[in-house]
Amino acid sequence: MRKLTYFVGSSIDGFIAAPDGGFDFLMAHVTEDYLPHLAAEYADTLPTAGRAALGVADGPNTRFDTVLMGRATYAQGLSAGLTSPYAHLRQIVLSRSLTTSPDPAVEVTADDPVALVRKLKQEDGLGIWLCGGADLAGRLLPEIDELIVKQYPVVAGSGIPLFRADFSPHTFRLTDSRVFEGGNLILSYTKTSDDSSTD
């Protein structure tokens, strides 16, 4: 069965974006030793334009072949003129307010996220990447099999959190950690099999 992975950047205090949705304050901490690792290990999660700039555009997908985004996350790319930010993946935007897709390569759906993910997990293919944002991650928390946090060495104070959800603890086990000279961390967690809070 395919897995759902929430792969996301975060401040030390757990914010994935500023209150207005911007994340430049995180990107300011992408260091020389960190970016090559992302390109080598997580090229599937780089925007298509970024893959080309880093010379990995022609590489095959190795981790993910599908990306899920909420409307606000997708809007960040739209504001920069990117109607198909991850053209190397199947792109699905979950939104009740966006009724039509601005790009034929992007699917827009108002379907229940949990039902959609359960259906996607039954299909053949690579992993499913949950790109964001907080509301969608909160709704999909019971379905998240793996959490990979790219933690940047900055404290935001406030903003958009990793998850927006009702109080319902879910247990994850740290399976890998990578520390970079510039202070960046990549922390990988897997949902524990005895997590009684799952559906």
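Residue F64 is grouped with residue V93 when hydrophobic side chains (ILVMFWY) are merged at heavy-atom distances under 4.5 angstrom, including chains of intermediate members. Both L4 and L116 sit in one connected hydrophobic cluster of ILVMFWY residues. Membership requires side-chain heavy atoms under 4.5 Å apart, directly or through other members. Under a hydrophobic clustering in which Ile, Leu, Val, Met, Phe, Trp and Tyr are joined whenever their side-chain heavy atoms come within less than 4.5 Å, directly or via other members, V179 and V155 fall into different clusters. In terms of hydrophobic clustering, with Ile, Leu, Val, Met, Phe, Trp and Tyr side chains grouped at heavy-atom distances under 4.5 Å, F180 and L35 are assigned to a common cluster. Under a hydrophobic clustering in which Ile, Leu, Val, Met, Phe, Trp and Tyr are joined whenever their side-chain heavy atoms come within less than 4.5 Å, directly or via other members, L141 and I160 fall into the same cluster.
Looking at P47 and Y86, their side chains come closer than 4.5 Å, going by heavy atoms from C-beta outward. Residues T5 and I144 are not in side-chain contact: their nearest non-hydrogen atoms beyond the backbone lie 4.5 Å or more apart. Within the 4.5 Å cutoff, side-chain heavy atoms of R139 are placed close to those of D112. You'll find the side chain of E41 reaches within 4.5 Å of the side chain of R63, heavy atoms only. At least one side-chain heavy atom of Q76 sits under 4.5 Å from a side-chain heavy atom of F23. No side-chain heavy atom of T73 sits under 4.5 Å from any side-chain heavy atom of L136. No side-chain heavy atom of D166 sits under 4.5 Å from any side-chain heavy atom of S168. The side-chain heavy atoms of D145 and T190, taken from C-beta on, include no pair separated by under 4.5 Å.
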Side chain to side chain contact (heavy atoms under 4.5 Å, CB included) between Q91 and D103, worked out: CA-CA 10 Å; Q91 302 168 91; D103 193 293; 5.9 Å; no
May I have the step-by-step check of side chain to side chain contact (heavy atoms under 4.5 Å, CB included) for I128 and K121, ending in yes or no? CA-CA 8 Å; I128 306 160; K121 283 184 175 183; 4.1 Å; yes
Please determine whether side chain to side chain contact (heavy atoms under 4.5 Å, CB included) holds for the pair M1 and Q122, giving the CA-CA distance in whole Å, both sets of side-chain angles, and the decisive distance to 0.1 Å. CA-CA 6 Å; M1 181 181 289; Q122 297 299 323; 2.9 Å; yes
Check the pair N61 / H88 against side chain to side chain contact (heavy atoms under 4.5 Å, CB included), numbers first and verdict last. CA-CA 8 Å; N61 293 335; H88 54 286; 3.6 Å; yes
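Salt bridge status for K119 with D111: absent, with no side-chain N to carboxylate O gap under 4.0 Å. A salt bridge links R90 to E123: at least one charged side-chain nitrogen sits closer than 4.0 Å to a carboxylate oxygen.
Between the side chain of S84 and the backbone N or O of A105, no donor-acceptor pair lies under 3.5 Å. One N or O on the side chain of S101 and one on the backbone of V106 form a donor-acceptor pair closer than 3.5 Å. A donor-acceptor contact shorter than 3.5 Å links the side chain of D65 to the backbone of L126.
Partner of V67 under the side chain to side chain contact (heavy atoms under 4.5 Å, CB included) criterion, chosen from L89, T45, L130: L89. Tested against L38 for a side chain to side chain contact (heavy atoms under 4.5 Å, CB included), the candidates L54, I186, N184 yield a single pass: I186.
Screening residues 133-165 for ring-ring contact (aromatic ring centres under 6.0 Å, His included), with sequence neighbours left out, gives Y6-F163, Y34-Y152.
Smallest separation of non-hydrogen atoms from P169 and F167: CG-CZ, 3.5 Å. In terms of heavy-atom proximity, T48 sits nearest to A87 at OG1-N, 2.7 Å. Between M69 and C131, the shortest heavy-atom contact is CG-CB, 3.9 Å. The nearest pair of heavy atoms linking F7 to W129 is O-NE1, 3.0 Å. In terms of heavy atoms, F25 sits closest to A156 at CE1-CB, 3.7 Å. Across all non-hydrogen atoms, the minimal contact from P102 to Y74 is CG-OH, 3.3 Å.
Rounding to the nearest 0.5 angstrom, the gap separating the CZ atom in R51 from the CG atom in D44 is 6.0 Å. With rounding to the nearest 0.5 Å, the separation of CD1 in I148 from OH in Y189 is 11.5 Å. Atom CD of Q151 and atom CG of D13 lie 9.0 Å apart (nearest 0.5 Å). For the atom pair CZ (R164) and CG (D135), the distance works out to 4.5 Å, reported to the nearest 0.5 Å.
Taking a 6.0 Å sphere around CG of D176, one finds it holds more than 12 heavy atoms contributed by other residues, nucleotides or ligands.
Remark: R178 engages H37 in a side-chain hydrogen bond (donor to acceptor under 3.5 Å, both in side chains) (not counting sequence neighbours).
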